[in-house]
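Written out below as structure tokens is the structure these notes cover.
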Amino acid sequence: MALAKRRGFVYQASEIYGGINGFWDYGPLGAQLKKNLRDAWWQDVVMNPCAGALGPFGEPVRIVPIDTTIIQHPKVWEASGHVAGFNDPMVDCRETKQRYRFDHLQAFAPKSGDPGDKPYFAYMPDTPGEQKQRKKAEKAFGEVTSIPLRDVPKERWERVLAPEAEKVGSLTEPRAFNLMFKTYIGATATEEDAAYLRPETAQGMFVQFKNVLDTTRVKVPFGIAAMGKAFRNEVTPRNFTFRSREFELMEVEFFCHESQAAEWYKFWRDWRLSWWQGLGLAGENLRLRPHEQDELAHYAREGAGVCDIEYRFPFTYPDFGELEGVAHRSCFDLAQHQKYAKTNLEYFDAERGELLPNGSHKGERYLPHVIEPAAGADRGVLALLCEAYTEDPSRPSPELLKLHPRLSPIKAAIFPLVNKDGMPEVAEKLYTEIRNRFWRFGFVEYDPKQTIGKRYARMDEAGCPYCFTIDGDTLKDQTVTVRDRDTGQQERIGIDRVGDYLAERLGP
Ligand code: GAP
């Protein structure tokens with residue numbers, strides 16, 4: 001986190017006002033890193049779907065993009081189940097002013113029997129408070145057991161000691177809390193004008209499904225893809241940007257016939273995993289985790305399942321945290337919008353259905369099933385930063401970011417060894433050439449100041465994969481030194497080869 005702040009990757013939002021909980025800004029390097037991740041997704045998902053991989057039935061994957069509004073008709077969220085389903089019961093602590101998800105809280109109680117006059121020691125699992133409460137409980141009871149707070153009898157609620165609280169009985173009764181941000185359309189701000197900031201981009205794609213069908217030549221199976229901001233009034237934003245209240249999604253709704261859903265689900269699950277691996281999350285910190293039956297969302301109970309692509313963030317270690325979810329959503333959303341909007345959203349499939357005696361097809365009308373790979377761009381950036389962060393005490397500056405060259409915000413740096421003797425002129429010319437050729441992919445830097453070691457260290461910390469140095473020999477033999485960030489090794493190449501050298505290594 002310190003490096004991310006120091007090098008301008010991530011800042012606290014509104015920092016000079018003391019920050020605002022759950023909101024983060026990206027500095028110059030972070031903004032470009034996030035853009036590079038979004039561009040990689042757009043390129044490999046939308047423009048060249050699945051990076052050219054064929055679908056499970058041997059056909060090219062078809063995807064079209066869409067860009068929908070953050071504020072949708074309020075009925076969209078009734079149909080999608082968000083108005084009802086985003087109401088997680090919460091409890092507030094009157095003493096510490098903290099708010100907790102009721103179903104996340106646990107409590108330490110005696111191993112057997114009732115605590116009597118002593119408290120139930122409530123805690124949030126996997127927080128430092130857990131150990132503190134355990135110690136207190138062990139002092140009070142000897143052997144302890146952990147129970148969900150909801151199993152504490154109602155009449156004993158007053159005996160609960162909330163996390164971090166000094167006195168028992170500070171928790172309020174559980175009550176519903178809407179995770180969607182509410183706003184008002186128009187100046188009068190009456191309840192009739194209430195609307196929500198979208199908590200996902202998915203619904204915009206379902207709502208425009210018919211328009212996309214009617215105005216393009218897509219045929220099922222095909223996907224609609226969108227990226228954009230989403231807002232969730234998270235109760236406990238934490239772990240740096242991991243759980244924010246404003247974040248960015250990169251989602252595909254892939255429509256297929258029900259009979260093919262299981263195959264497409266497996267295809268997307270495996271391809272999305274391999275995509276993240278290709279961007280450098282290649283080790284054992286990345287895994288696929290199928291949801292247990294009791295974890296499945298309402299729309300996914302019947303079907304091929306839901307799988308999370310998870311990364312072992314330092315904050316969640318030794319556990320993993322969700323980076324992307326791949327879900328078979330059945331035809332739940334289209335069916336709901338069909339019902340709430342009273343509009344037929346069925347697809348007419350001319351190639352399916354009965355074969356008539358005259359040899360022609362009758363066709364089949366159906367609501368397509370949906371496979372949804374939904375990734376978080378901010379969690380992606382966080383995972384990439386965590387994976388790239390490397391400590392190497394043998395270097396002059398022991399911290400570096402081994403970012404994949406395709407994602408590095410700075411693609412190359414050009415240095416004159418010394419800021420005189422004709423070197424700056426050659427270096428500046430090379431810098432201009434390289435910047436003109438590579439600006440689409442990220443920054444190219446020119447740095448003539450300080451010792452060469454310090455300049456390398458600065459670039460290592462920023463994740464710049466290649467530095468090119470112009471020295472005395474360049475003026476004689478037209479070669480430059482290129483230094484590799486990860487190995488620190490140097491080689492000499494012709495100055496006229498620098499552009500191609502980079503192009504070969506920066507990825508698609
Ligand atoms: N349409 C499906 C959907 O939105 P989700 O699992 O709720 O699914 C998708 O969210 C992804 O969005 C997650 O895998 C995660 O990467 C990211 N995400 C969800 N909540 C987030 C939050 N509060 N802060 C940052 N990223 C979040």
Side-chain angles (χ1 to χ4, degrees), residues 10 13 20-26 34 37-38 41 66 68 70 72 76-77 79-82 85-86 88 101 104 179-181 196-207 223-254 265 268-269 272-273 275-276 279 281 286-291 295-300 305-313 315-316 320-330 332-334 336-337 370-386:
V10 183
I20 169 164
N21 198 9
F23 296 88
W24 297 92
D25 291 338
Y26 289 87
K34 191 170 165 189
L37 177 64
R38 285 191 309 246
W41 186 87
I66 195 169
T68 63
I70 285 170
Q72 301 272 332
V76 168
W77 309 112
S80 67
H82 283 90
F86 258 42
D88 290 309
R101 279 264 301 264
H104 283 183
L179 287 191
M180 281 197 294
F181 279 94
Y196 297 102
L197 306 191
R198 68 179 174 203
E200 60 174 16
T201 53
Q203 297 306 322
M205 295 187 259
F206 295 125
V207 166
I224 306 183
M227 59 166 69
K229 289 274 190 175
F231 303 82
R232 295 184 194 173
N233 209 349
E234 297 283 0
V235 187
T236 44
R238 59 182 162 150
N239 291 344
F240 202 16
T241 59
F242 180 82
R243 179 157 295 123
S244 308
R245 288 181 163 138
E246 174 175 341
F247 58 95
E248 217 156 329
L249 283 167
M250 308 185 291
E251 295 195 280
V252 176
E253 306 304 328
F254 193 82
Y265 167 72
W268 276 105
R269 181 195 64 190
R272 291 302 302 151
L273 179 73
W275 188 76
W276 286 110
L279 293 181
L281 305 183
L286 194 73
R287 73 170 186 195
L288 273 181
R289 188 184 66 82
H291 280 204
E295 253 184 291
L296 292 176
H298 53 286
Y299 51 73
V306 176
C307 203
D308 286 345
I309 300 173
E310 296 186 327
Y311 182 74
R312 186 153 47 187
F313 293 91
F315 321 96
T316 52
F320 289 69
E322 180 184 338
L323 175 62
E324 172 161 352
V326 183
H328 174 198
R329 292 180 75 111
S330 69
F332 172 81
D333 304 270
L334 288 181
Q336 286 292 101
H337 289 302
V370 169
I371 310 301
E372 177 195 67
D378 304 81
R379 282 203 194 159
V381 168
L382 187 58
L384 292 163
L385 281 174
C386 292

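Side chains included, hydrogens not; waters and symmetry mates left out as well; all remaining heavy atoms used. Numbering of ligands and ligand atoms starts at 1, following listing order. Quantities reported herein were computed from a predicted structural model and do not represent experimental measurements.
When R198, E251, R232, M205 are checked for heavy-atom proximity to atom 10 (O) of ligand 1, R232 turns out nearest. The option with the heavy atom closest to atom 13 (C) of ligand 1, from among E200, E322, M250, R243, is E322.
Near L249, meaning under 4.0 Å from any of its heavy atoms, are these atoms of ligand 1: 9 (C), 11 (C), 12 (O). When each atom of ligand 1 is checked for a heavy atom of E324 under 4.0 Å away, the hits are 14 (O). The contact set between ligand 1 and E372, taken as ligand atoms under 4.0 Å from a residue heavy atom, comprises 1 (N), 2 (C).
Taking Q336 as the reference, nothing meets the side chain to side chain donor-acceptor pair (under 3.5 Å) condition, with sequence neighbours excluded. Evaluation of the side chain to side chain donor-acceptor pair (under 3.5 Å) rule for T201 yields E251 as partners, not counting sequence neighbours.
Remark: F320 CZ to R289 CZ distance equals 10.5 Å, nearest 0.5 Å.
Residue D378 places every heavy atom at 4.0 Å or more from ligand 1. Put simply, no part of E253 is less than 4.0 Å from ligand 1, judged by heavy atoms.
Using a 4.0 Å cut-off between heavy atoms, D308 makes no contact with ligand 1 at all. Heavy atoms of E248 found under 4.0 angstrom from ligand 1: none, in either backbone or side chain.
Residue contacts with ligand 1: G376 is placed with a nitrogen or oxygen under 3.5 Å of a nitrogen or oxygen of the ligand (distance criterion only).
Side-chain N or O atoms of Y311 include none that pairs as donor or acceptor with a backbone N or O of L382 at under 3.5 Å. Judged purely by atom type and a 3.5 angstrom limit, R379 uses its side chain to pair as donor or acceptor with the backbone of F242.
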